[in-house]
Protein chains: 2
Amino acid sequence: MSLREKKKIETKNRIFEVSGRLFKEKGFENTTVDEIAKEAGIAKGTFFNYFPTKEALLLYFGEQRDELIYNLIENETKRSIPAKEKITNLLVRLAESYEKDRELTKLLIFEYRRYIGYSGLRPDNSRSRRIIKILQDLLEEGMKNSEVKSHIEAKKAAEVLTAIYVHSLMMWVNADGDFSFSSDISGKIDLLFEGIGD
Amino acid sequence: MSLREKKKIETKNRIFEVSGRLFKEKGFENTTVDEIAKEAGIAKGTFFNYFPTKEALLLYFGEQRDELIYNLIENETKRSIPAKEKITNLLVRLAESYEKDRELTKLLIFEYRRYIGYSGLRPDNSRSRRIIKILQDLLEEGMKNSEVKSHIEAKKAAEVLTAIYVHSLMMWVNADGDFSFSSDISGKIDLLFEGIGD
DNA sequence: AGTCATACATGACCCTGGTCATATTTAAAG
DNA sequence: CTTTAAATATGACCAGGGTCATGTATGACT
């Protein structure tokens with residue numbers, strides 16, 4: 001590893017850490033790129049060598065967290081409990097991981113979407129793709145164990161679960177602890193498993 | 001109505017119409033407040049007397065459309081067909097109303113979420129509250145007609161339906177006509193009505 | 001009709017995200 | 001060791017959203 005590579009990694013990390021701190025202190029909008037650069041000890045223009053836009057910091061934050069969480073969670077889904085419980089635990093666990101940095105999480109959820117919406121890029125959307133894949137696998141496993149009806153389309157059901165999760169997460173993040181995510185989403189997953197048609 | 005009130009309404013409408021046209025032509029980001037103001041025949045600073053931010057145009061656009069659509073749709077739900085079909089028709093109808101202005105819709109969906117996220121207010125959230133209310137009413141009616149299980153919590157089920165709708169709408173808007181919203185959401189509503197647990 | 005208060009219009013200015021010509025540092029080649 | 005190439009750093013500058021001191025138009029009151 002050359003000096004260049006080493007310094008590059010260090011600088012990027014320093015920018016990332018400084019910005020994370022400032023976002024928590026003052027919020028995303030009230031934090032300027034200029035002050036991030038100053039605190040990180042670089043020129044403002046240099047910032048953009050590392051992150052293409054201010055919002056890209058949020059994406060990076062999301063990526064960093066994802067790597068950590070999904071590995072933990074994928075291990076967890078290997079336990080021998082019914083599919084429904086696994087799914088609920090997974091989604092509750094996911095939500096809990098956001099508790100520590102609630103403000104950043106809120107920003108990530110809302111700004112991330114804005115960024116995608118404006119960029120004109122077809123969102124790779126690997127994040128929700130990944131959740132859907134995990135849920136789909138769990139559902140297919142549940143089919144093998146006769147816990148999930150075998151004729152349903154697992155991908156579609158996984159998309160429904162993802163929709164429930166995302167929507168509930170947004171309500172929860174906004175509610176500032178006014179209700180229990182766990183019992184809220186459990187109730188909704190119950191509805192899906194049991195069905196509401198008479 | 002004084003001359004002042006009259007001119008105020010006219011100016012606001014003119015700004016709104018001009019901006020709507022420019023957004024379609026060039027996109028939201030590529031349209032500047034300066035050119036909107038010029039085309040509307042006002043000074044740039046005057047624009048902000050009518051709309052607090054550029055993004056507020058999107059919210060206003062959403063409000064205007066809502067008034068139109070919900071009235072049409074509330075009438076439609078009075079027909080005598082099963083609850084499930086009513087719900088599906090409602091959501092498909094809602095989505096179809098966005099077809100004409102797909103790009104604006106995409107922006108509106110994202111911007112609306114951002115607005116909620118940042119408002120710091122407990123979101124009155126009248127938009128999704130309204131959808132949830134309509135869906136809840138439909139579900140309760142379905143309970144009376146033995147089309148929906150009577151022991152379920154209608155509000156929670158309505159929230160699940162809303163989550164499915166919003167998530168599917170975003171996927172559809174992003175997919176640029178790569179799949180049929182109608183059959184996608186019908187399949188998901190089927191899953192919810194039938195249940196996936198074995 | 002004249003005066004005063006209020007609402008609205010204006011455009012110069014400010015701030016911030018981002019750009020890019022220029023300078024500096026590091027690594028590779030001879 | 002010297003030269004060249006590539007990578008990175010810098011800060012002046014630009015564009016666009018938004019602000020606000022100043023000017024103008026309208027309405028209410030006498």
Side-chain angles (χ1 to χ4, degrees), chain A residues 1-16 18-20 22-23 25-61 107-108 110-121, chain B residues 1-16 18-23 25-61 104 107-108 110-111 114-115 118-119:
Chain A
M1 181 178 306
S2 67
L3 181 63
R4 264 202 170 137
E5 289 172 4
K6 189 165 173 285
K7 289 185 67 176
K8 191 167 175 179
I9 289 168
E10 284 176 355
T11 304
K12 188 166 188 178
N13 281 337
R14 199 162 64 247
I15 296 172
F16 178 61
V18 163
S19 58
L22 289 173
F23 289 162
E25 282 175 26
K26 327 168 58 156
F28 181 75
E29 292 281 335
N30 290 327
T31 303
T32 64
V33 171
D34 199 36
E35 58 190 324
I36 292 170
K38 280 195 171 80
E39 285 231 18
I42 55 171
K44 191 169 76 139
T46 306
F47 172 91
F48 294 98
N49 287 344
Y50 293 87
F51 294 95
T53 62
K54 187 179 166 189
E55 279 84 5
L57 283 167
L58 294 174
L59 297 182
Y60 189 70
F61 170 75
L107 288 172
L108 181 57
F110 295 119
E111 282 299 317
Y112 174 77
R113 302 273 176 160
R114 179 169 182 264
Y115 176 71
I116 296 288
Y118 282 176
S119 68
L121 307 176
Chain B
M1 182 179 303
S2 68
L3 182 64
R4 263 201 171 140
E5 289 172 8
K6 189 164 171 285
K7 288 186 68 175
K8 192 169 177 178
I9 289 167
E10 283 177 355
T11 304
K12 189 167 189 180
N13 281 337
R14 196 162 67 247
I15 296 171
F16 178 60
V18 164
S19 57
R21 180 160 52 73
L22 288 173
F23 290 163
E25 280 175 28
K26 326 169 57 154
F28 182 75
E29 291 283 334
N30 291 329
T31 303
T32 64
V33 172
D34 199 35
E35 57 190 325
I36 292 171
K38 282 194 169 83
E39 284 232 17
I42 55 171
K44 192 172 79 150
T46 305
F47 172 91
F48 296 97
N49 286 343
Y50 292 86
F51 295 95
T53 63
K54 185 177 167 188
E55 279 84 7
L57 283 167
L58 293 174
L59 298 179
Y60 190 70
F61 170 74
L104 275 191
L107 292 172
L108 179 59
F110 292 131
E111 189 54 33
R114 181 165 180 266
Y115 175 70
Y118 278 167
S119 67

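We name chains A, B, ... by the order of the sequence lines, and we start the count at 1 in each one. As the structure is a computational prediction, the values presented were derived from the model and not from experiment.
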K.L.:
Mind checking what makes salt bridge (charged side-chain N to carboxylate O under 4.0 Å, His left out) contact with A:Glu10, not counting sequence neighbours?
P.N.:
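Once residues adjacent in sequence are excluded, the partners of A:Glu10 under the salt bridge (charged side-chain N to carboxylate O under 4.0 Å, His left out) criterion are A:Lys6.
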K.L.:
Taking only residues two or more places apart in sequence, or in another chain, which ones meet B:Lys26 in a salt bridge (charged side-chain N to carboxylate O under 4.0 Å, His left out)?
P.N.:
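B:Lys26 satisfies salt bridge (charged side-chain N to carboxylate O under 4.0 Å, His left out) with B:Glu35 only.
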K.L.:
Please name the pair of heavy atoms, one in B:Leu57 and one in B:Ile15, separated by the smallest distance, quoted to 0.1 Å.
P.N.:
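The answer is CD2-CG2, 4.4 Å.
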K.L.:
Considering only heavy atoms, which members of residues 36-50 of chain B lie under 4.0 Å from some atom of DNA chain D?
P.N.:
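B:Lys44, B:Gly45, B:Phe48, in order of number.
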K.L.:
Would you kindly give the CD-to-C1' distance between B:Glu10 and D:dT26, to the nearest whole Å?
P.N.:
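Rounding to the nearest Å, CD of B:Glu10 and C1' of D:dT26 are 15 Å apart.
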K.L.:
Once side chain to side chain donor-acceptor pair (under 3.5 Å) is applied, do any residues pair with A:Lys8, and if so which ones, sequence neighbours excluded?
P.N.:
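A:Lys8 satisfies side chain to side chain donor-acceptor pair (under 3.5 Å) with no residue once adjacent residues are dropped.
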K.L.:
5'-most contact on DNA chain D: B:Thr53 or B:Glu5, nearest heavy atom basis?
P.N.:
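Mapping each residue to its closest nucleotide by heavy atoms, the 5'-most match is B:Thr53.
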K.L.:
State which residues pass salt bridge (charged side-chain N to carboxylate O under 4.0 Å, His left out) with B:Arg21; sequence neighbours excluded, sorted by chain then number.
P.N.:
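Per chain and number, B:Arg21 pairs via salt bridge (charged side-chain N to carboxylate O under 4.0 Å, His left out) with B:Glu25, B:Glu39.
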K.L.:
Between B:Ser2 and B:Val33, which is nearer to the 5' end of DNA chain D once each is assigned its nearest nucleotide?
P.N.:
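It is B:Val33 whose nearest nucleotide is closer to the 5' end.
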K.L.:
Name all residues meeting the ring-ring contact (aromatic ring centres under 6.0 Å, His included) criterion together with B:Phe61; count only those two or more places apart in sequence or in a different chain, and write none if there are none.
P.N.:
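If we apply the ring-ring contact (aromatic ring centres under 6.0 Å, His included) test to B:Phe61, skipping adjacent residues, there are no hits.
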K.L.:
Once ring-ring contact (aromatic ring centres under 6.0 Å, His included) is applied, do any residues pair with B:Phe16, and if so which ones, sequence neighbours excluded?
P.N.:
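Testing B:Phe16 for ring-ring contact (aromatic ring centres under 6.0 Å, His included), a comparison that skips the adjacent residues, returns B:Tyr60.
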K.L.:
D:dT24 C1' sits how many Å from B:Leu3 CG, rounded?
P.N.:
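B:Leu3 atom CG is separated from D:dT24 atom C1' by 14 Å.
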K.L.:
Looking only at heavy atoms, what is the nearest atom pair of A:Arg14 and A:Ala40, with distance?
P.N.:
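In terms of heavy atoms, the two residues are closest at NE-O, 2.8 Å.
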K.L.:
Looking at residues at least two apart in the chain, or sitting in another chain, which of them share a side chain to side chain donor-acceptor pair (under 3.5 Å) with A:Asn13?
P.N.:
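Not a single residue meets the side chain to side chain donor-acceptor pair (under 3.5 Å) criterion with A:Asn13.
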K.L.:
Just the rounded figure in Å: distance from P of D:dA15 to CD of B:Glu35.
P.N.:
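These atoms are roughly 14 Å apart.
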K.L.:
To the nearest Å, give me how far apart NZ (B:Lys26) and C1' (D:dG16) are.
P.N.:
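Whole-Å distance recorded here is 13 Å.
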K.L.:
Pairs under 3.5 angstrom, nitrogen or oxygen only, protein versus nucleotides 3-5 of chain D, please.
P.N.:
none

K.L.:
Round to the nearest Å and state the distance from A:Ile15 atom CD1 to D:dA9 atom P.
P.N.:
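Answer to the nearest Å: 8 Å.
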K.L.:
What residues form a side chain to side chain donor-acceptor pair (under 3.5 Å) with A:Lys12, not counting sequence neighbours?
P.N.:
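None.
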K.L.:
What residues, two or more places apart in sequence or in another chain, satisfy ring-ring contact (aromatic ring centres under 6.0 Å, His included) together with B:Phe23?
P.N.:
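Counting only residues at least two positions away or on another chain, B:Phe23 forms a ring-ring contact (aromatic ring centres under 6.0 Å, His included) with B:Phe28.
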K.L.:
Tell me, please, the opening and closing nucleotides of DNA chain C, 5' to 3', among those with an atom under 4.0 angstrom from a non-hydrogen atom of chain B.
P.N.:
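Contact span on the strand: C:dT6 to C:dG11.
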